[in-house]
Amino acid sequence: MRRKIAIIGGGQIGGVLAQLIAQKQLGDIVLFDIVEDMPQGKTLDIAEASRIDGFDVCVKGTNSYQDIAGSDLVIVTAGLPRKPGMSRDDLLTTNAKIMKSVAEGVRDNAPDAIVIVISNPLDVMVTLFQKVSGFPHHRVVGQAGVLDSSRFATFIAWELGLSVKDINAPVLGGHGDTMVPLLRYANVNGLPVMELLERKYASAEKAKEVMTAMVERTKAAGGEVVKLLKTGSAFYSPASAVIAMTKAILNDEKRVLTCSAYLNGEFSVSGYYVGVPAVLGAKGVEKVLELNLDETEQALFDNSVNAVKKVVAEMETLGF
Ligand code: TXD
């Protein structure tokens, strides 16, 4: 039987996602938005490429939550993006209102779905979706780490002149300015990136300087794109990141991907969604994999968790 995938929010990310899902034939698609006609227009446009791209899936645009009934997977992209000068946390008030209504719509119409949330501020929006929907924690997950890690890997590939395919560069923590790129774990098919940098520059000091610049660029990478686009935020790469998670879930791949997952004591955190390595399969988040963090890394991770906690508390004082 074909899978059914609902995308809530048919804006920049939602549109690219619908096209990628169709081209990859991952399932039938329902694109929902509150804006009248827009999701219908985008899906018509995508469907009319089916003969050219050779895909057979149904692509439907809608303004009615009833159309998402029976979805195996729901991807939530609804919410405003940043403008230049804004932090992700500045989106809290507006996007919390949107997320609450989305969670109610999904809860009432697709109660058995696994849900990937992508709207910002990410970890807090995942928290809110789970709270309002009442879905089990393992069925609600956020996308951030796949993209943040890909950004870090891209900068390392450019620096070393090596294929990005061979680079693993985990980024943990909340999806904000405090995220934690793990330079000690960054490797090129097992070879530590730090060692390759030291060899390239014949200087431990210079290697550290170059790595620090890449870490800082990774942390600010979302803002770098916002500054260039001026009217919105990144959308191609976030959509690609969601595709990796979608495949892992729908094909029960057991991939280890960094995502915003609910922590129940792992990494010494309980009761919060934060970016950590997780096993994604048919049940959603099947396991959180812990890493040994040294003192500095744990301190950076704790700092990032505290930043998430602060915004969750702020959201609660707003009545959500
Ligand atoms: O890696 C990540 N997690 C992210 C997240 C990377 C980049 C951007 N990220 C965030 O995703 C961004 O900060 C936003 O919060 C979301 C969506 O970004 P996008 O660029 O797709 O924003 P758009 O183009 O403005 O699209 C949002 C759509 C738009 O069509 C609105 O009409 C719709 O959301 N919208 C709603 N849909 C359903 N229900 C409600 N209530 C609603 N309100 C607005």
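Since we're looking at a predicted model, the values are computed, not measured.
- Within 6.0 Å of atom CG in N189, more than 12 heavy atoms from other residues, nucleotides or ligands are found, so the atom counts as buried in its surroundings.
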### Query
Where do V274 and F301 land on the side chain to side chain contact (heavy atoms under 4.5 Å, CB included) test, with the steps shown first?
CA-CA 10 Å; V274 192; F301 185 78; 4.2 Å; yes

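- Of all heavy-atom pairs spanning S260 and V126, the tightest one is OG-CG2, 4.2 Å.
- Here the side chain of N187 pairs a donor or acceptor atom with the backbone of Y185 at under 3.5 angstrom.
- Side chain of N264 to backbone of G271: no donor-acceptor contact under 3.5 angstrom is found.
- Between K227 and E224, none of the side-chain N atoms (NZ, or NE/NH1/NH2) sits under 4.0 Å from a carboxylate O, so this pair counts as no salt bridge.
- Around the NZ atom of K309, the shell of radius 6.0 Å holds more than 12 heavy atoms that belong to other residues, nucleotides or ligands.
- When the side chains of ILVMFWY residues are joined at heavy-atom separations under 4.5 Å, either directly or via intervening members, V117 and V171 end up in two distinct hydrophobic clusters.
- The two residues R255 and A244 have their closest heavy-atom pair at NH1-CB, 4.2 Å.
- Between Y272 and Y262, a ring centre-to-centre spacing not shorter than 6.0 Å is recorded.
- Of the options L92, V102, V76, a side-chain contact (heavy atoms from CB on, under 4.5 Å) to M125 is made by L92 and by none of the others.
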### Query
Does the pair K200 and E159 meet the rule for a salt bridge (Lys or Arg N to Asp or Glu O under 4.0 Å), with working shown?
CA-CA 10 Å; K200 176 175 171 182; E159 167 60 33; 2.8 Å; yes

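- In this structure, the separation between SG on C58 and CZ on R2 is 5.0 Å, given to the nearest 0.5 Å.
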### Query
Stepwise, does the salt bridge (Lys or Arg N to Asp or Glu O under 4.0 Å) test hold for E205 with K208?
CA-CA 5 Å; E205 206 176 314; K208 221 171 157 194; over 6 Å; no

### Query
Please walk me through it: do H138 and E286 pass side chain to side chain contact (heavy atoms under 4.5 Å, CB included)?
CA-CA 7 Å; H138 67 90; E286 301 195 344; over 6 Å; no

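- Salt bridge status for R151 with D148: present, with a side-chain N to carboxylate O gap under 4.0 Å.
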What pairs of donor and acceptor atoms, side-chain ones from residues 311-320 against any protein atom, are under 3.5 angstrom apart with sequence neighbours left out?
{"from": "T317", "atom 1": "OG1", "to": "E314", "atom 2": "O", "distance (Å)": "2.6"}

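- Counting only N and O atoms by type, the side chains of N95 and S119 include no donor and acceptor under 3.5 Å apart.
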### Message
Let's go through E104 and R107 carefully: what are the C-alpha distance in whole Å and the side-chain angles of both, what is the deciding distance for salt bridge (Lys or Arg N to Asp or Glu O under 4.0 Å) to 0.1 Å, and is it a yes or a no?
### Response
CA-CA 5 Å; E104 289 164 352; R107 175 195 65 198; 5.0 Å; no

### Message
Does M245 form a side chain to side chain contact (heavy atoms under 4.5 Å, CB included) with L257? I'd like the steps, not just the answer.
### Response
CA-CA 8 Å; M245 294 172 70; L257 297 173; 4.1 Å; yes

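- Looking only at atom types and distance, the side chain of Q298 has no donor-acceptor partner in the side chain of D294 under 3.5 Å away.
- We find the CG-CG distance between D90 and L80 to be 11.5 Å, quoted to the nearest 0.5 Å.
- K24 places a side-chain heavy atom less than 4.5 Å from the side chain of I243.
- When Q19, Q23, Q25 are each tested for a side-chain hydrogen bond (donor to acceptor under 3.5 Å, both in side chains) with D53, only one passes: Q23.
- Considering V30, I21, D33, L73 as possible partners of I7, the one that fulfils the side-chain contact (heavy atoms from CB on, under 4.5 Å) test is I21.
- Between the OG atom in S87 and the CG atom in N120 there is a gap of 9.5 Å [rounded to 0.5 Å].
- Grouping the Ile, Leu, Val, Met, Phe, Trp and Tyr side chains by contacts below 4.5 angstrom, directly or via other members, places V285 apart from V279.
- Formation of a donor-acceptor pair under 3.5 Å by the N109 side chain with backbone atoms of G105 is found in this model.
- Taken together through direct or relayed side-chain contacts under 4.5 Å among Ile, Leu, Val, Met, Phe, Trp and Tyr, L191 and Y201 form part of one hydrophobic cluster.
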